[in-house]
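Data first, discussion second: the structure below is written as structure tokens.
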Amino acid sequence: MKAKLKCIKVEHFEGSQRPYFQPVTADCEENKTFSKYTPVGNVDFLITNPALFGQYESGKEYYLTLTPVASDSSIPIQ
């Protein structure tokens, strides 16, 4: 599933940031198609990696892609 989310705010803390997102549900056919089946929702992340600070801006839209993970897959620790 691919969702379009709008960053509604970013909270800044010492050593972390938390962006908050909501689905985009209007203005174009792409948004209306998604919102027909998923009209509400919220996503937020606590980011503690300084290299990722500033990646999300309030008012901007972003895509979020959700794909299943194979049961035998693992992510190597880096």
Over all heavy atoms of both residues, which pair between [X] and [Y] is shortest? Give the atoms and the distance, please.
{"X": "Y63", "Y": "K4", "answer": "OH-CE, 3.8 Å"}
{"X": "C7", "Y": "P19", "answer": "SG-CB, 4.3 Å"}
{"X": "V10", "Y": "Y56", "answer": "CG2-O, 3.6 Å"}

Please report the interatomic distance [atom1]([X]) to [atom2]([Y]), rounded to the nearest 0.5 Å.
{"X": "F21", "Y": "D44", "atom1": "CZ", "atom2": "CG", "result": "9.0 Å"}
{"X": "L64", "Y": "F45", "atom1": "CG", "atom2": "CZ", "result": "6.0 Å"}
{"X": "Q17", "Y": "L46", "atom1": "CD", "atom2": "CG", "result": "9.5 Å"}

(message) Tell me whether Y20 contacts the main-chain N or O of E11 through its side chain, where contact means a donor paired with an acceptor under 3.5 Å.
(response) no
(request) State plainly whether one hydrophobic cluster holds both I8 and I47, where clusters connect Ile, Leu, Val, Met, Phe, Trp and Tyr through side-chain heavy atoms under 4.5 angstrom apart. (result) no
(request) Could you pull out all residues at least two apart from K6 that satisfy salt bridge (Lys or Arg N to Asp or Glu O under 4.0 Å)? (result) none
